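These notes concern the structure reproduced below.
What you are looking at is a predicted structure, and each value in this text was computed from that prediction instead of being measured.
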Amino acid sequence: MDHNTKSLEHLVQALRQLPGVGVKSAARMAYHLLQHDRDGALRLSQALQTAVQNVRHCERCYTFTEEAICSTCSDPSRDQTRLCVVETPSDQAVMERTGAYEGLYFVLQGRLSPLDGVGIAELGLSHLMERASNGVIEEVIIATSFTAEGQATAHVIAQGLAKRGIRSTRIARGVPAGGELEFVDLGTIAHALADRH
């Protein structure tokens, strides 16, 4: 891009910050917004600005909210005895969309990753242990991902809870609903066999 398109170049660089967006995709989005959808670009800009100004973390579970305490934490009809630990607010949103869980949450804001400088303190595990030890929680459901980091995070959480005498469970893994065995990786099949019931 030449010196006459600094604003366009800055837009492309800003779009590249999104996960999975490379130079070509960012440029395609920028050109589309500026050439075909300037109203959409303005709406996007205003929505981003409003979200950045208004959305914060819940003081209790650390998900995204516009209030001090999110609607899930303040809902008296939720099961107060179960606490589901997830890595991110988007993971919590996925759990909510299933409609299968009616308890409370604790959002870690990531997973253990020593190479990236993310340790126990950065995840707020002391807050999790404090919350789980409130005398009301009967079960902590660990719903971290099944990556190496997610597994390590689940292990550290389970150990910490066990030391405090708090029961923890781990979400199951296995063959997905509608999945055909010939297309499922061998590790998933092995875990499904080991965790069968």
Side-chain angles (χ1 to χ4, degrees), residues 19 55-65 67-179 181 184-197:
V55 176
R56 58 186 178 195
H57 292 288
C58 172
E59 294 173 5
R60 193 169 297 153
C61 75
Y62 303 103
T63 195
F64 288 139
T65 182
E67 307 299 326
I69 303 294
C70 72
S71 59
T72 302
C73 286
S74 60
D75 183 351
S77 70
R78 303 290 296 206
D79 183 350
Q80 306 290 310
T81 66
R82 291 190 298 159
L83 185 66
C84 182
V85 179
V86 294
E87 293 177 8
T88 65
S90 63
D91 292 341
Q92 181 203 2
V94 168
M95 293 290 287
E96 279 297 285
R97 284 197 302 271
T98 69
Y101 178 71
E102 296 178 354
L104 300 173
Y105 292 94
F106 187 91
V107 181
L108 295 170
Q109 302 305 320
R111 54 186 171 228
L112 291 176
S113 181
L115 295 176
D116 297 321
V118 180
I120 291 171
E122 288 75 20
L123 291 183
L125 293 186
S126 60
H127 297 294
L128 169 60
M129 297 304 158
E130 183 181 315
R131 183 152 179 222
S133 303
N134 68 5
V136 177
I137 302 295
E138 296 173 4
E139 177 189 15
V140 175
I141 302 164
I142 303 170
T144 57
S145 62
F146 286 99
T147 61
E149 294 90 353
Q151 292 283 64
T153 304
H155 179 73
V156 169
I157 292 170
Q159 279 188 324
L161 293 169
K163 286 179 185 174
R164 291 163 177 77
I166 301 166
R167 176 177 174 253
S168 69
T169 56
R170 181 84 163 105
I171 59 169
R173 60 182 165 185
V175 179
L181 285 181
V184 176
D185 68 274
L186 299 178
T188 300
I189 294 172
H191 286 295
L193 278 170
D195 297 337
R196 69 187 183 280
H197 63 306

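Side-chain contact between Cys61 and Arg131 is present, with heavy atoms from C-beta onward closer than 4.5 Å. Between His57 and Phe64, some side-chain heavy-atom pair lies under the 4.5 Å cut-off. No side-chain heavy atom of Cys58 sits under 4.5 Å from any side-chain heavy atom of Glu67. Side chains of Ile166 and Ser133 form a contact here, defined as non-hydrogen atoms less than 4.5 Å apart. Under the 4.5 Å side-chain criterion, counting only non-hydrogen atoms from C-beta, Arg170 is in contact with Gln151. Residues Glu139 and Thr81 form no side-chain contact, since every pair of their non-hydrogen atoms from C-beta on lies 4.5 Å or further apart. Leu108 places a side-chain heavy atom less than 4.5 Å from the side chain of Ile157.
For Glu102, the CD atom counts as loosely surrounded, since its 6.0 Å shell holds 12 or fewer non-hydrogen atoms of other residues, nucleotides or ligands.
Considering all non-hydrogen atoms of both residues, Glu122 and Val118 come closest at OE1-C, 3.9 Å. Residues Leu104 and Cys73 approach most closely at CD2-CA, 4.2 Å, considering heavy atoms. Here the closest heavy-atom approach between residue Ala68 and residue Arg56 is recorded as N-NH2, 3.0 Å. Between Leu123 and Gly110, the closest heavy-atom pair is CD2-C, 3.5 Å.
Relative orientation of the Tyr62 and His127 rings is tilted, given thresholds of 30° and 60° on the angle between their planes.
At least one cation-pi condition fails for Arg78 and Tyr105: the charged atom is not both under 6.0 angstrom from the six-membered ring centre and inside a 45 degree cone around its axis.
Taking CD1 from Ile142 and OG from Ser168, the interatomic distance works out to 4.0 Å, rounded to the nearest 0.5 Å. In this structure, Thr144 OG1 and His155 NE2 are separated by 12.0 Å, a value rounded to the nearest 0.5 Å.
A salt bridge between Asp79 and Arg82 is present, with a side-chain N of the basic residue lying under 4.0 Å from a carboxylate O of the acidic one.
Residue pairs meeting the side chain to side chain donor-acceptor pair (under 3.5 Å) criterion with at least one partner in residues 83-95, sequence neighbours excluded, are Thr63-Gln92, Glu87-Arg111, Glu87-Ser145, Thr88-Ser90, Thr88-Asp91.
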